[in-house]
Amino acid sequence: MKKMVIALLVVICILSMVISYKVYASSGEALLESDTAGKLIEIKEKSLKELDDYIEAYGNETYGFTAYILNKIRFLSIPLCFLGISISAIFQYALGIRNMGTRYKGFFAMIAFVTILIVCQVLPFIFVVVVKFGRS
């Protein structure tokens, strides 16, 4: 009896997914594709304009591209490193209560993520100081 109920529920779930997909696809697929393409083109143009601004500010294509990449890394490193720090804190303080090996792994991972965060935040500043004031 339980197997019949579970099989019936699975069939109902699959049918509801198929029906909802068909309704969604028929109602706004063309509108969704054109809107997404427009947004992608807009994001691409914005990124290219920002890259051109960096190239103009640094006076060289290589330096401008490097500064652009370092700036993107600086922004992306913050959430990724905080996520890594929180996961390593879970390993150190929650899972490492009973196992010292897990506690050490969490501690060393936390030190690594903090070091990566500091390097990713300081490296663009060092690059600006060296390129802007070191070249002239």
Side-chain angles (χ1 to χ4, degrees):
M1 183 67 177
K2 289 181 183 179
K3 291 181 182 180
M4 296 274 296
V5 172
I6 291 173
L8 183 64
L9 288 175
V10 168
V11 169
I12 290 173
C13 287
I14 291 173
L15 285 175
S16 65
M17 286 189 294
V18 169
I19 291 171
S20 64
Y21 176 73
K22 289 192 183 260
V23 169
Y24 174 73
S26 66
S27 66
E29 186 175 346
L31 178 65
L32 182 66
E33 287 177 2
S34 66
D35 188 37
T36 305
K39 285 184 181 181
L40 286 175
I41 292 171
E42 192 176 303
I43 291 170
K44 180 182 175 184
E45 289 173 355
K46 182 181 173 189
S47 297
L48 288 175
K49 184 184 180 307
E50 187 178 352
L51 179 60
D52 290 338
D53 291 342
Y54 274 103
I55 291 172
E56 183 181 325
Y58 283 92
N60 189 348
E61 188 174 342
T62 306
Y63 290 141
F65 184 71
T66 305
Y68 176 76
I69 295 297
L70 286 175
N71 191 31
K72 292 296 181 186
I73 289 173
R74 183 174 59 101
F75 284 128
L76 291 175
S77 69
I78 295 170
L80 293 177
C81 285
F82 280 135
L83 181 67
I85 290 169
S86 62
I87 290 173
S88 61
I90 290 171
F91 270 89
Q92 183 178 1
Y93 297 118
L95 301 176
I97 292 174
R98 295 177 189 226
N99 188 358
M100 291 300 283
T102 306
R103 175 177 255 173
Y104 289 139
K105 284 181 186 176
F107 177 72
F108 293 135
M110 188 180 300
I111 296 297
F113 280 113
V114 169
T115 305
I116 291 170
L117 180 66
I118 290 171
V119 166
C120 288
Q121 297 301 311
V122 173
L123 192 61
F125 176 70
I126 293 171
F127 180 78
V128 169
V129 169
V130 169
V131 170
K132 285 282 190 178
F133 303 116
R135 288 193 310 167
S136 56

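All values reported here derive from a predicted model rather than from experimental measurement.
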Once you round to the nearest 0.5 Å, how far does [atom1] of [X] lie from [atom2] of [Y]?
{"X": "Ile97", "Y": "Thr102", "atom1": "CD1", "atom2": "OG1", "result": "11.0 Å"}
{"X": "Ile73", "Y": "Ile69", "atom1": "CD1", "atom2": "CD1", "result": "6.5 Å"}
{"X": "Ile90", "Y": "Met110", "atom1": "CD1", "atom2": "CE", "result": "10.0 Å"}
{"X": "Lys72", "Y": "Ser77", "atom1": "NZ", "atom2": "OG", "result": "13.0 Å"}

Side chains of Asn71 and Tyr54: closer than 4.5 Å at any heavy-atom pair? yes
Residue pair Ile43 / Lys46, side-chain heavy-atom distance below 4.5 Å: no
Non-hydrogen atoms of [X] and [Y] that approach each other most closely:
{"X": "Ile85", "Y": "Ser88", "value": "O-OG, 2.9 Å"}
{"X": "Ala57", "Y": "Lys132", "value": "O-NZ, 2.9 Å"}
{"X": "Ser86", "Y": "Leu83", "value": "OG-O, 2.7 Å"}

Please determine whether side chain to side chain contact (heavy atoms under 4.5 Å, CB included) holds for the pair Val128 and Tyr58, giving the CA-CA distance in whole Å, both sets of side-chain angles, and the decisive distance to 0.1 Å. CA-CA 9 Å; Val128 169; Tyr58 283 92; 3.1 Å; yes
Quick one: do Phe91 and Ile87 satisfy side chain to side chain contact (heavy atoms under 4.5 Å, CB included)? Show the steps, please. CA-CA 6 Å; Phe91 270 89; Ile87 290 173; 3.9 Å; yes
Side-chain heavy atoms nearer than 4.5 Å, only ILVMFWY residues, links allowed to pass through others: does that put Val122 and Leu117 together? yes
Is it possible for you to say whether Ile118 and Phe82 belong to one hydrophobic cluster, with membership spreading through side-chain heavy-atom contacts below 4.5 Å? yes
Apart from Ile111 itself, its cluster of hydrophobic side chains linked below 4.5 Å comprises Met100, Tyr104, Phe107, Phe108
Sequence neighbours excluded - salt bridge (Lys or Arg N to Asp or Glu O under 4.0 Å) pairs with any residue from residues 84-104: none
Tyr68 meets the side chain to side chain donor-acceptor pair (under 3.5 Å) criterion, sequence neighbours left out, with none
Within 6.0 Å of CD in Gln121, more than 12 heavy atoms from elsewhere: yes
Stepwise, does the side chain to side chain contact (heavy atoms under 4.5 Å, CB included) test hold for Leu51 with Phe65? CA-CA 7 Å; Leu51 179 60; Phe65 184 71; 3.8 Å; yes
